[in-house]
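Residue numbers start from 1 in every chain, and the chains themselves are labelled A, B, ... in the order their sequence lines are given, proteins ahead of strands.
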Number of protein chains: 2
Amino acid sequence: MMEKHGCECCAGRSPAEPDGVKTYCPVETTLGLIGGKYKALIVWRLMEGPLRFSQLSKIVKCASPRMLTRQLRELEADGLVSRRAYAEVPVRVEYSLTRMGESIYPILAAMYRWGSGYLAEQGKSVGCAMRPPQDEPAGSSGL
Amino acid sequence: MMEKHGCECCAGRSPAEPDGVKTYCPVETTLGLIGGKYKALIVWRLMEGPLRFSQLSKIVKCASPRMLTRQLRELEADGLVSRRAYAEVPVRVEYSLTRMGESIYPILAAMYRWGSGYLAEQGKSVGCAMRPPQDEPAGSSGL
DNA sequence: CTGAATCCAGGAAGATACTG
DNA sequence: CAGTATCTTCCTGGATTCAG
């Protein structure tokens, strides 16, 4: 996934070094994980607890089933989301965050806060399907 | 730039609300600003001080002049980078961060740290043209 | 030195219809 | 309910060439 050419400058998404050892840029990696369409929103909402496919569909209203499935599959392959199917009738599938997925919350929250400030400075108004982040435990709020 | 359709769920990159008021998702906005190719690397390196076009070319080795120019122009249009041309012969152009551009550093640093942990857990090795982030002032290191 | 102009390929994403 | 299957469009980014 995301295989590119192999140059030390953009060693982000999986270049091959001359000696055959692949290296990755942490920032590009992180961006690649949550940069996909709806991914940030999906992860954000799953922070509150597991959701099933139909519930996610309502949250990410404009995503076609195909897109939603793809994003979820990628998040699953990347180890941020886990999928659990229940053998019931009708079928029930629940998506939840892995511990790795949960651990990315501070970054999303930081982006939310910084983005809000940026938008304010640009004279634009905030409005999205995410809910504002909870205040962090004292000490990290200074980010 | 980045005009899309207009749905409250993906109200990230500039949807039009029914009443004509555009709203934006802070997280999508932030991702849009640094998500472009080489943008994170460019901003990261400019943290250390202004750089001219040729210097950036050496840092972002695999970027063609066209791409580098485009990324820089977008960063400039978004208010993160400022461009200064000196009427000399030969021409000299310096790029530097605006205050808004500098203010995004904690987010990049947080992504660097989280991404490093993620890569470690995946058994992959880190290696990129960025330099590891400096330690933050005590208190915010707990991000 | 710092780009601009042009052309092109590949992947991401949208629309629509269908299924176990 | 929770997806798949196709087809198409769009946009990002790459390669190359030329210019002030």
Side-chain angles (χ1 to χ4, degrees), chain A residues 1-7 9-10 12-15 28 31-42 50-78 81-96, chain B residues 1-7 9-10 12-15 28 31-42 50-77 81 83-96:
Chain A
M1 176 156 134
M2 271 195 275
E3 293 288 331
K4 302 269 169 146
H5 46 265
C7 147
C9 73
C10 38
R13 321 215 167 181
S14 62
E28 295 297 328
L31 283 170
L33 294 183
I34 55 175
K37 201 151 192 181
Y38 315 125
K39 280 186 185 175
L41 175 55
I42 293 170
L51 291 171
R52 39 199 301 191
F53 189 86
S54 54
Q55 294 176 302
L56 284 167
S57 286
K58 284 168 193 161
I59 292 171
V60 194
K61 293 194 189 102
C62 62
S64 64
R66 184 189 100 103
M67 271 310 297
L68 186 54
T69 301
R70 282 190 46 158
Q71 301 300 300
L72 287 167
R73 289 288 189 280
E74 289 184 15
L75 287 169
E76 191 187 0
D78 290 333
V81 161
S82 85
R83 188 188 105 113
R84 189 157 178 185
Y86 297 86
E88 305 173 352
V89 179
V91 193
R92 180 165 62 108
V93 178
E94 273 190 357
Y95 292 90
S96 56
Chain B
M1 178 156 128
M2 274 197 274
E3 293 289 331
K4 302 268 168 146
H5 45 265
C7 148
C9 75
C10 37
R13 321 215 167 180
S14 62
E28 296 297 329
L31 284 171
L33 294 184
I34 54 174
K37 201 150 192 181
Y38 315 126
K39 279 186 184 175
L41 176 55
I42 293 170
L51 290 171
R52 42 196 301 191
F53 189 84
S54 52
Q55 294 176 304
L56 283 167
S57 285
K58 285 168 193 162
I59 291 171
V60 194
K61 294 195 188 100
C62 63
S64 64
R66 184 188 100 107
M67 272 309 297
L68 186 54
T69 301
R70 282 187 44 161
Q71 301 300 299
L72 286 167
R73 289 288 189 281
E74 289 184 15
L75 287 169
E76 192 187 1
V81 161
R83 189 188 105 114
R84 189 157 177 186
Y86 297 86
E88 305 174 354
V89 179
V91 193
R92 179 165 61 108
V93 177
E94 274 191 356
Y95 293 90
S96 57

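- In this model, the phosphate group of dC1(C) is not approached by any side-chain N or O of Arg52(B) to a distance below 4.0 Å at OP1 or OP2.
- Applying the 4.0 Å criterion to OP1 and OP2 of dT4(D), one finds that Arg73(A) has a side-chain N or O inside that range.
- When heavy atoms are screened at a 4.0 angstrom cut-off, Gln71(A) is found touching the sugar-phosphate backbone but no base atom.
- Partners of Ser57(A) under the side-chain hydrogen bond (donor to acceptor under 3.5 Å, both in side chains) rule, at least two apart in sequence or in another chain, do not exist in this structure.
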Side-chain polar contacts of residues 62-69 of chain A - donor-acceptor pairs under 3.5 angstrom, sequence neighbours left out - could you list them?
| from | atom 1 | to | atom 2 | distance (Å) |
| --- | --- | --- | --- | --- |
| Ser64(A) | OG | Met67(A) | N | 3.3 |
| Thr69(A) | OG1 | Pro65(A) | O | 2.7 |

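- Considering only residues two or more places apart in sequence or on other chains, Arg92(A) meets the salt bridge (charged side-chain N to carboxylate O under 4.0 Å, His left out) condition with Glu88(A), Glu94(A).
- With dG3(D), dG13(D), dT2(C) as the candidates, the nucleotide lying closest to the side chain of Met67(B) is dG13(D).
- Arg84(B) CZ: 12 or fewer foreign heavy atoms inside a 6.0 Å radius.
- dG13(D) atom P lies 7 Å from atom CZ of Arg70(B), rounded to whole Å.
- A rotation axis mapping the C1' atoms of four pairs onto the next four is fitted at both ends of the helix from dC1(C)-dG20(D) to dG20(C)-dC1(D) over five pairs, and the angle between these axes is 60° to 10 degrees.
- Take Ser54(A) and apply the side-chain contact (heavy atoms from CB on, under 4.5 Å) test, not counting sequence neighbours, and it matches Arg52(A).
- At a non-hydrogen distance threshold of 4.0 Å, Arg83(A), Pro90(A) from residues 81-90 of chain A come into contact with DNA chain D.
- At dC1(D), none of the side-chain N or O atoms of Tyr95(A) fall inside 4.0 Å of OP1 or OP2 (strictly under the cut-off).
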Base versus backbone protein contacts along nucleotides 15-20 of chain C [heavy-atom cut-off under 4.0 Å; B, S, -]: B----B
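- Under the 4.5 Å side-chain criterion, counting only non-hydrogen atoms from C-beta, Lys39(A) is in contact with Leu75(A).
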